[in-house]
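Worth saying up front: this structure is predicted, and the values here are computed from it rather than measured. By convention in this document, chain letters (A, B, ...) are assigned in the order of the sequence lines, proteins followed by strands, and residues within each chain are numbered from 1.
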Number of protein chains: 2
Amino acid sequence: MSLPPDVDRPVETVERAIDIIDYLKENGPATIAEVTAHLGCAKSTAHRHLKTLEASSFLIEENDEYRLGIRFLDYGVIARDRHTFYREVKSKVDTLADETDEKIWCAVEEHGRSVHIYGAQGKRSVRTYARLGHQNYLHQHAAGKAILAYLPDERIDEIVETYGLPARTQHTITTADELWDEIEAIRERGYALNIEESVEGLHAIGAPIKDENGTALGAISISGPANRLDGSFLREELPTLLLGTVNEITINLAHA
Amino acid sequence: MSLPPDVDRPVETVERAIDIIDYLKENGPATIAEVTAHLGCAKSTAHRHLKTLEASSFLIEENDEYRLGIRFLDYGVIARDRHTFYREVKSKVDTLADETDEKIWCAVEEHGRSVHIYGAQGKRSVRTYARLGHQNYLHQHAAGKAILAYLPDERIDEIVETYGLPARTQHTITTADELWDEIEAIRERGYALNIEESVEGLHAIGAPIKDENGTALGAISISGPANRLDGSFLREELPTLLLGTVNEITINLAHA
DNA sequence: CAGCTTGTTCGAATAGCTTGAACAGGCTTT
DNA sequence: AAAGCCTGTTCAAGCTATTCGAACAAGCTG
């Protein structure tokens, strides 16, 4: 919960190791020379770090290049499976995908951002930038906004202050005033809409899964092309379907 | 490739951080006190490490406990998506699951072990210990044995020497002689069988996906209950189906 | 065969990690 | 209400272990 901490005296050696991992994540496989240049340190230092990370299979050496190991999947899957409602949500999300034939995402909040922990595609579902495990800004998409609206007000302020409101498309919410109006609307409706705010031509609706205090634990969204998800389908039929599913999940969670 | 290296002078501070991550992976969420006890170090040291890892969202603090962040999924999914044949394999595996109604796994080899990078379930597919991202011994299951048989002989020796041949069931191969006989058989047939070697009551067949040199890059397996996967279905129909799929993938890879 | 590049090893210096004690805050207990 | 006992957190000092840079080995290229 909360936000990533500002550590007074972080363990710099560990930060360097994380820096390497992040570099490989962003830029793909790299040689020692490349990593050395990125870190701005001695070649021998980079070498020692890479070999240490390789010993635990976090990194794999292939043709004189280091890359991220599939081992990360193991940790990610375990983290996901331990999430309170993942198992509960999975089957419902699969059902929703079958019923709507559209793309369904389930997201949870971590450190003031949203992470997609499960996705199911219907027959006609579109591919977007969204990816399993990817961190997103809460204000940029339907599931994120649904989560945001059901967090305590002071928490929302904190998050906006920390990350700002960067735009993705020309429809993305970029000012705090707009955001609070939107949150008001979401709280009244019970669900969030995303009208081309994350991807041009893409509409979506999202609804929160709440704990016993009414605070959002995560959210589920349905997304599809703007021309298909529109009018009463987007604003009446889909919300009914989605809120029904979310309601079932919430009840099951309360009795688990 | 190859095996995890024996590092001469590893970065011990990084090893400690990995130790924390592994502890949380094995034992679930833990308090600082618990981590301190596990590491056998000062409370302030554990604190500094935990906060450093939390700053990058690898760990998340919740109710005075630290747990693995869903962020690991991000790294894992990226590592998987970059794998040469993942995209190629995924759609074929989905098709196989539809055609057979059984559980299909796709595994790759890393550091002499196999990792499941994708799984698809058919309507009747069984649930086993197998999990996405989980590391397995190559000799214990169909996909692993298929990979093993198509590695260079000296590599096989290395792997057996490093990890030994631990048993899972009473049918698991546990001696080098048995293993070499099995490898011989697999090389002749072109596919591997798993007759209750990983789970009692579970049969499976696996076939390798090879690069231009004939070395295994990974493998695909079909598994199901022993009573259903048996006789000519297991030894004729399924192999034909599986080898056909694997062949398609191999050809597509060669022209990519 | 020389010259470049790569990855790897090793000793010395000093940066920074670890420690243990002390502080603050939230519980429960008396 | 106060005392006690947990937590998590901070800080200065000592010494461990990281970092550096140079030297070595090995593989390619011209």
Please set out all donor-acceptor pairs under 3.5 angstrom arising from side-chain atoms of residues 24-31 of chain A, sequence neighbours excluded.
| residue | atom | partner | partner atom | Å |
| --- | --- | --- | --- | --- |
| A:K25 | NZ | B:D74 | OD2 | 2.9 |
| A:T31 | OG1 | A:E34 | N | 3.3 |

Notebook entry, point to check: Heavy-atom contacts under 4.0 Å between residues 32-49 of chain B and DNA chain C, which residues?
Noted result: B:C41, B:A42, B:S44, B:T45, B:R48, B:H49
Note to self: Please report the distance, rounded to the nearest Å, between CD in B:E15 and C1' in D:dT18.
What the structure shows: 13 Å
Check: With nearest nucleotides of DNA chain C determined for B:T13 and A:K51 from heavy-atom distances, which residue corresponds to the more 5′ nucleotide?
Finding: A:K51
Next item on the list: Provide the full list of salt bridge (Lys or Arg N to Asp or Glu O under 4.0 Å) pairs with a residue in residues 75-87 of chain A, sequence neighbours left out, each pair given once.
Entry: none
Check: Partners of B:D181 by side-chain hydrogen bond (donor to acceptor under 3.5 Å, both in side chains), sequence neighbours excluded?
Finding: none
Margin query: Checking A:H38 now: which residues fulfil side-chain hydrogen bond (donor to acceptor under 3.5 Å, both in side chains) with it, not counting sequence neighbours?
Written below: A:D19
Note to self: Strictly below 4.0 Å: does B:R16 bring a side-chain N or O up to OP1 or OP2 of C:dT18?
What the structure shows: yes
Atom pairs, protein N/O to nucleotides 11-13 of chain C N/O, distance under 3.5 Å:
| residue | atom | partner | partner atom | Å |
| --- | --- | --- | --- | --- |
| C:dG11 | O6 | B:R9 | NH2 | 3.0 |

Next item on the list: Measure the distance from CD on B:E54 to P on D:dT9 and round it to the nearest whole Å.
Entry: 8 Å
Check: Quick one: do B:E110 and A:R71 make a salt bridge, cutoff under 4.0 Å?
Finding: no
Note to self: For A:P166, is there any backbone N or O sitting under 3.5 Å from a side-chain donor or acceptor partner on A:Q140?
What the structure shows: yes
Notebook entry, point to check: Under the ring pair (Phe, Tyr, Trp, His ring centres under 6.0 Å) test, which residues partner A:F72, sequence neighbours left out?
Noted result: A:F58, B:Y75
Check: For B:P10, which contact category applies under a 4.0 Å heavy-atom criterion: base, sugar-phosphate, or nothing?
Finding: sugar-phosphate
Next item on the list: Mind telling me whether B:Y137 and B:H139 have parallel, tilted or perpendicular rings, with 30° and 60° as the class edges?
Entry: tilted
Margin query: Please enumerate all residues that pass side-chain hydrogen bond (donor to acceptor under 3.5 Å, both in side chains) together with A:E161, with sequence neighbours excluded.
Written below: none
Margin query: According to side-chain hydrogen bond (donor to acceptor under 3.5 Å, both in side chains), who are the partners of B:E184, at least two apart in sequence or on a separate chain?
Written below: none
Item checked: With sequence neighbours excluded, residues passing salt bridge (charged side-chain N to carboxylate O under 4.0 Å, His left out) with B:D153 -> B:R187
Check: Going by heavy atoms closer than 4.0 Å, what residues in residues 18-30 of chain A are next to DNA chain D?
Finding: none
Between the protein and nucleotides 26-30 of chain D, list the N/O to N/O atom pairs that are separated by less than 3.5 angstrom.
none

